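This report concerns only the one structure given below.
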Protein chains: 2
Amino acid sequence: MNIQFKKGVLELCVLALLTKKNRYGYDLVNEISKNIEISEGTIYPLLRRLKNVGWVTTYLQESREGAPRKYYKLTQSGQKVTEEMKADWEDFVEKVNGLLSGGDMNE
Amino acid sequence: MNIQFKKGVLELCVLALLTKKNRYGYDLVNEISKNIEISEGTIYPLLRRLKNVGWVTTYLQESREGAPRKYYKLTQSGQKVTEEMKADWEDFVEKVNGLLSGGDMNE
DNA sequence: AATTAGTATCTTGCATTATAATATACTATG
DNA sequence: CATAGTATATTATAATGCAAGATACTAATT
């Protein structure tokens, strides 16, 4: 799988998953890994960035199975950004596919 | 437009356009710019990489309108890589969309 | 009790790629 | 001769994914 394809898109994937329910980092790795390869060294810095820009908040919760889990919850601005980013992504894919299939849509 | 979305995909766009016909850098910038913002500072290093890994060859051609044009032509390995990369991209988009819409396709 | 495996978070250093800014140079037009 | 359009190229910077490694807790096995 082309690593470069993931740039920026993983952020959107994380945000999109958080619109469904709050999740912790390890859980997000497992969930996303079902579709796309992702490592923990990617997700934790990413989650930290999301928190730094105010798109998520966090809270700790104990677990019977291991270390305490840090849950991530979307903020209002995070929800807004997610919608915008999703629209950007769909637009982008459409334009790329235009280049790939037609070569040129205006010729 | 999210810059990160472009990572790796511009390379595919360039390669895909070259499957149709040989083009020079400035022409590629204009062509791709119809769909996706791209600058010259992006395309020339990219084209150099494509040449370094042997996916394209180049030849110069004079022009009545300005400096001589450096045309890029896909090699056999470049054609093969383009097909593979295109398939990767389609697979990737499908998986991302799975995450974005369903949240989880196996739950 | 000690070891192992699974769960969970985090940091560091590295590689890749897009871009702005800048430089160069040729042609045509005013 | 200055300007605009065409055309190629380089440099320094920013963003992001990842391997590798560290830490720590729980549960099961030895």
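For the numbers below, each heavy atom of this structure counts, side chains included, while hydrogens, waters and symmetry mates do not. Reminder, nothing fancy here: chain letters follow the sequence lines and each chain counts from 1. Values in this document were obtained by computation on a predicted structure and should not be read as measured data.
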**OP:** Assign B/E65 to base, sugar-phosphate, or nothing according to its heavy-atom contacts below 4.0 angstrom with the strands shown.
**Re:** base
Original post:
C/dA8 P sits how many Å from A/E31 CD, rounded?
Top reply: 13 Å
**OP:** Let me know, please, whether A/R49 or B/G66 comes out on the 5' side of the other along DNA chain D by nearest nucleotide.
**Re:** B/G66
**OP:** Grab the CD-P distance between A/Q4 and C/dA15 for me, whole Å please.
**Re:** 14 Å
Subject >> All side chain to side chain donor-acceptor pair (under 3.5 Å) counterparts of A/K7, not counting sequence neighbours >> reply: A/Q4
**OP:** Give a yes or no on whether the backbone of B/E37 and the side-chain of B/K6 come within a donor-acceptor separation of less than 3.5 Å.
**Re:** yes
**OP:** Tell me, please, which residues at least two apart from A/T82 pass side chain to side chain donor-acceptor pair (under 3.5 Å).
**Re:** none
Subject >> Distance-only donor-acceptor check, side chains A/T58 and A/K73, under 3.5 Å >> reply: no
**OP:** Quickly work out the A/F5 CZ to C/dT16 P distance and round it to whole Å.
**Re:** 16 Å
**OP:** Look only at the side chain of A/T42 and the backbone of A/I38, and say whether a donor-acceptor pair between them is shorter than 3.5 Å.
**Re:** no
Original post:
Using a cut-off of 4.0 Å on non-hydrogen atoms, how would the nucleic acid contact of A/K7 be classed: base, sugar-phosphate, or nothing?
Top reply: base
Original post:
What are the bounds, 5' to 3', of the part of DNA chain D that sits under 4.0 Å from heavy atoms of chain B?
Top reply: D/dG5 to D/dT16
**OP:** Please name all residues satisfying salt bridge (charged side-chain N to carboxylate O under 4.0 Å, His left out) with A/D91, sequence neighbours left out, ordered by chain then number.
**Re:** A/K95
Subject >> Residue pair B/N22 / B/Y59, side-chain donor-acceptor N/O under 3.5 Å >> reply: yes
**OP:** Nearest whole angstrom, please: distance from the P of C/dA25 to the CG of B/L60.
**Re:** 16 Å
**OP:** Tell me which of A/S63 and B/R64 sits closer to the 5' end of DNA chain C, going by the nucleotide each one is nearest to.
**Re:** A/S63
Original post:
Under 4.0 Å between a side-chain N or O of A/Y26 and OP1 or OP2 of C/dT9?
Top reply: no
Original post:
Could you give the CG-to-P distance, from B/L12 to C/dT17, as a whole number of Å?
Top reply: 13 Å
Subject >> Under 3.5 Å: donor-acceptor pair, side chain of A/T75, backbone of A/W55 >> reply: yes
**OP:** Could you check how far CZ of A/R23 sits from C1' of C/dT9, rounded to whole Å?
**Re:** 18 Å
Subject >> Pairing residues for A/E65 by the salt bridge (charged side-chain N to carboxylate O under 4.0 Å, His left out) criterion, not counting sequence neighbours >> reply: A/R69
List, with names and distances, any nitrogen or oxygen atoms from the protein found under 3.5 Å away from nitrogen or oxygen atoms belonging to nucleotides 10-14 of chain C.
{"residue": "C/dC10", "atom": "OP1", "partner": "A/K70", "partner atom": "NZ", "Å": "2.3"}
{"residue": "C/dT11", "atom": "OP1", "partner": "A/R48", "partner atom": "NH2", "Å": "3.2"}
{"residue": "C/dT11", "atom": "OP2", "partner": "A/R48", "partner atom": "NE", "Å": "3.2"}
{"residue": "C/dT11", "atom": "OP2", "partner": "A/R48", "partner atom": "NH2", "Å": "3.2"}

Original post:
Just how far, in rounded Å, is C1' of C/dT17 from CD1 of B/I36?
Top reply: 15 Å
